[in-house]
Amino acid sequence: MSFTSLDLNPVLLKAIEESGYEKPTPIQLAAIPAILEHHDVMAGAQTGTGKTAAFTLPILHHILSKPATRSVKALVLTPTRELAQQVFKNIETYAKHTEIKAVLVYGGVSIRPQTEAINAGADIIVATPGRLLDHLINGSLTLADLEYLVFDEADRMLDMGFKDEINNILKRIPAKRQTLLFSATFDDSIFKLSKTLLNEPKLIEVGERNTAATDVEQIVYTVDADRKRELTSFLIGSKNWRQVLIFIRTKQGADALAKEMCKDGIKTQSIHGDKSQGARDKALAEFKEGKTRALVATDVAARGIDIIDLQYVINYELPYVAEDYIHRIGRTGRAGKTGLALSLMSPDEEWLLKAVEEVLDTRLLPQWLPGYEPDLNKPAKNGRRTQSAPSKKTARKKALGERSNRRKR
Ligand code: AMP
């Protein structure tokens, strides 16, 4: 099925064609007609599936079908600035042959230019919840005429503790609207949120819930924690990998690893919530341009990073929240491209792999790389080689405790 059969405005089809998209992705095929028919939608789709176009194109189509006004008609809420930037860029691409204006609103940068941009006229606002609320409270933005509300990566928004902000925002927008909720994973908290937000939604799922992209090869190497850095540099160097995104759990860990890898001769930068927006943008741009070979990122900082043709993701540490694994490896194998997701698991992380396997409903068989076999005589940090898996709730709490320190408006 082609885009032309989706009944979208010709100026949008022209932009799609210029973007080089040949046919709609499964989420686009399922979501676009439902949104065009004015249904609320709850869609399970991870980053990399083409979900941004799935909600953006029908909203643009609707806006184009009505007389132009100066009011904000659509709001896209995202958990992070990076994802907000990514969505904004996509909207600009798809709306390039129209007069529709999108404005980006996120924290960590001066509020004034955002207010000026809003005042100059905005049809669509793409925002993170905290800064959006600042604008709504100080009166620099009103959403009285809002018709479309999108939650992008809703699971992550809840994980990051934005529930209060969301409820506060909901009080300030019209109850009569079309609401679209996209989430990579579903659990009880998402269903609870959906009940308060959505009106008889169409449930759209492409592939199975909570599954990783199928075109990503997943490999797990068991290796001692103190040899992970050496192995990482060895693999990147010996296999001549050019663009490698590395996930790590802490900001300090990210900085330290980037520094050590540079000493190994691999140009590496880190990206995390303690870095200024400017520094994060610069690191990301240099990584995309190929000036740096590896980028070490924490989970929160990596949200929304969209790098076309990214082939390699390394999980330097397994995530405490198993669903993060899906988000991480969703950075590669995007929109039909193949990718490799390599996890380096120290023996005391086995319980985290089990949690990942449970979420994926797949076994991931760990291997040993000759020369990097774990030293089985070495006591693990906690005095035991393995730990029994804590409940999902405990692991989530642990991760969220760390995140609350990282959270930035
Ligand atoms: P998303 O899941 O929205 O983050 O999109 C992931 C990537 O897929 C982005 O680089 C999009 O430009 C690209 N993309 C979206 N839709 C299509 C399509 N129908 N064909 C090819 N690439 C697409």
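Counting starts at 1 for both ligands and their atoms, following the listed order. Model, not experiment: these values are computed from the prediction.
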Close N or O approach (Tyr21, ligand 1; < 3.5 Å): yes
Lys73 to Tyr148, cation-pi by 6.0 Å centre distance and 45° axis angle: no
Heteroatom distance test (Gly50, ligand 1): nitrogen or oxygen, under 3.5 angstrom: yes
Candidates Val87, Thr78, Leu83, Leu181 - the one meeting side-chain contact (heavy atoms from CB on, under 4.5 Å) with Glu153: Leu83
Lys23: numbered ligand 1 atoms lying under 4.0 Å from its heavy atoms: 18 (C), 19 (N), 20 (N)
Where ligand 1 meets Phe3 - atom numbers and elements under 4.0 angstrom, heavy-atom basis: 19 (N)
Ionic contact status for Glu358 with Lys354, cut-off 4.0 Å: no
Interfacing atoms of ligand 1 (cut-off 4.0 Å, heavy-atom, Thr25): 17 (C), 18 (C), 19 (N)
Side-chain touch Val150/Leu75, heavy atoms, less than 4.5 angstrom: no
Any donor-acceptor N/O pair, Arg70 side chain to Asn119 backbone, under 3.5 Å: yes
Nearest option to atom 16 (N) of ligand 1, as decided by whichever heavy atom of Lys51, Lys89, Gln28 sits closest: Gln28
Lys/Arg-Asp/Glu bridge criterion (N-O < 4.0 Å) met for Asp264, Arg229: yes
Under 3.5 Å donor-acceptor, His135 side chain and Leu141 backbone: no
N or O pair under 3.5 Å between Glu22 and ligand 1: no
Whether Gln86 lies under 4.0 Å from ligand 1, heavy atom: no
Atom indices of ligand 1, in the order listed, that fall short of 4.0 Å to a heavy atom of Thr49: 2 (O)
Contact atoms of ligand 1, heavy-atom distance to Thr52 under 4.0 Å: 1 (P), 3 (O), 4 (O)
